[in-house]
2 protein chains.
Amino acid sequence: MKVINNTFDTLLEKHRLKKTAPRYRVLEILTTRDVATSQPYLEELLGAEVDRVTLYRILKTFEEKGIIHKIIDVNGTANYAVCHSTCTEKKHHDEHVHFNCTSCNGIYCFNENHIAKIRLPKGFKTSSVSLIITGICAKCSTEAANS
Amino acid sequence: MKVINNTFDTLLEKHRLKKTAPRYRVLEILTTRDVATSQPYLEELLGAEVDRVTLYRILKTFEEKGIIHKIIDVNGTANYAVCHSTCTEKKHHDEHVHFNCTSCNGIYCFNENHIAKIRLPKGFKTSSVSLIITGICAKCSTEAANS
DNA sequence: TTAAGTGCAAAATCTTTGCAAATGT
DNA sequence: ACATTTGCAAAGATTTTGCACTTAA
């Protein structure tokens, strides 16, 4: 496979990862969708194209490299979304609000909402914060209203 | 088994649940510990006393009845804590801040911290909010300092 | 007595590991 | 050519289901 100078190539090169078909497919899906994608749904979309084990490994590598980040939803299922540019291998900047729609199961990343600082008891040290709102998204609300 | 008029009996009776040894054991553990307890750790504590399948079923029933609530931690593991009195079968009032210590894996419920209202885009409807802070708890920080 | 709850066995999933073959550089 | 990455098979872990036995009410 040889695709010259597209975004995925740049991304993979930056992290010294080989440009393989399975990795392109995963990036394609994750960048196309505007919401985070659950691992089960990724499997479904990839079908026989990519082995399930390979998907596990790709997601793991991508997360370690800071290319994508993982959001565990209220059911304990892993969801993945591409990180914005400030993520590195050392630290993920995913401390924005996530919205988990219980109707379509989509996870929205609300980058504009920052999480208010929480005062903790003495001795507690924060390393990261995760805020997930569960509810019905705008798309599903209007669909329900028009039916 | 016959224990008269203790807290557990009242609780189980209230929800029309039979008073069985396994249920007592689970309640005992969850009420004794001041942090939420992960399902794997519950299994460990119960050992051969309670079958693993029975534990699954007890936790499910208790959650449905509003006796305990489930907190999914950053690893996707289920943790359980007894609800405070305002929880019902219909609605869990667990919208306080949870703190997940990465050293001891304990989950603390900070009931005093309420979560600031988040402004969502038009059309998004909130049903519940979950805020989990990951870090090192006070106990583990001091232990680390003294070693 | 009898409906609810438990324990065991077994199925169904989900996740990880090992290794040989394939592929990108 | 060589280190990575993939796919398959198989092991391990987690979660669910079915059913006969037990127990609380």
Start at the 5' end of DNA chain D and walk down; is the nucleotide closest to B:Lys18 or to B:Gly76 reached first? B:Gly76

By nearest heavy atom, map A:Arg23 and B:Lys60 onto DNA chain D; which one lands nearer the 5' end?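 The residue mapped nearer the 5' terminus is A:Arg23.
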
Figure out the [atom1]/[atom2] separation between [X] and [N], and round it to whole Å.
X: A:Glu13; N: C:dT25; atom1: CD; atom2: P; result: 8 Å
X: A:Arg57; N: C:dC19; atom1: CZ; atom2: P; result: 13 Å
X: B:Tyr24; N: C:dT6; atom1: OH; atom2: P; result: 12 Å
X: B:Lys70; N: D:dT15; atom1: NZ; atom2: C1'; result: 11 Å
X: B:Asn75; N: C:dC14; atom1: CG; atom2: P; result: 19 Å
X: A:Arg25; N: D:dG7; atom1: CZ; atom2: P; result: 13 Å
X: B:Ile58; N: C:dG7; atom1: CD1; atom2: C1'; result: 12 Å
X: A:Leu46; N: D:dT6; atom1: CG; atom2: P; result: 12 Å

Look at A:Arg25 together with A:Glu28 and state whether they make a salt bridge at an N to O cut-off of under 4.0 Å. yes

Working to the nearest 0.5 Å, report the span between [atom1] of [X] and [atom2] of [Y].
X: A:Asp51; Y: A:Arg57; atom1: CG; atom2: CZ; result: 7.5 Å
X: A:Ser130; Y: B:His98; atom1: OG; atom2: NE2; result: 12.0 Å
X: A:Thr102; Y: A:Ile136; atom1: OG1; atom2: CD1; result: 3.5 Å

Has the side chain of A:Arg52 got a donor or acceptor atom sitting under 3.5 Å from an opposite partner on the base of D:dG7? no

If you check every side-chain atom of [X], which of [options] has the closest atom?
X: A:Asp51; options: C:dG7, D:dC8, D:dT6; value: D:dC8
X: A:Val53; options: D:dT17, D:dT14, D:dC8; value: D:dC8
X: A:Lys19; options: C:dT6, D:dA24, C:dT25; value: C:dT25

Ring centres under 6.0 Å, that's the criterion: do B:Phe124 and A:Tyr108 meet it? yes

Tell me what A:Glu43 touches on the nucleic acid: a base, only sugar-phosphate, or nothing, going by heavy atoms under 4.0 Å. nothing

Counting only side-chain N and O atoms of B:Thr20, is one of them less than 4.0 Å from OP1 or OP2 of C:dG5?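 For C:dG5, neither OP1 nor OP2 has a side-chain N or O of B:Thr20 closer than 4.0 Å.
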
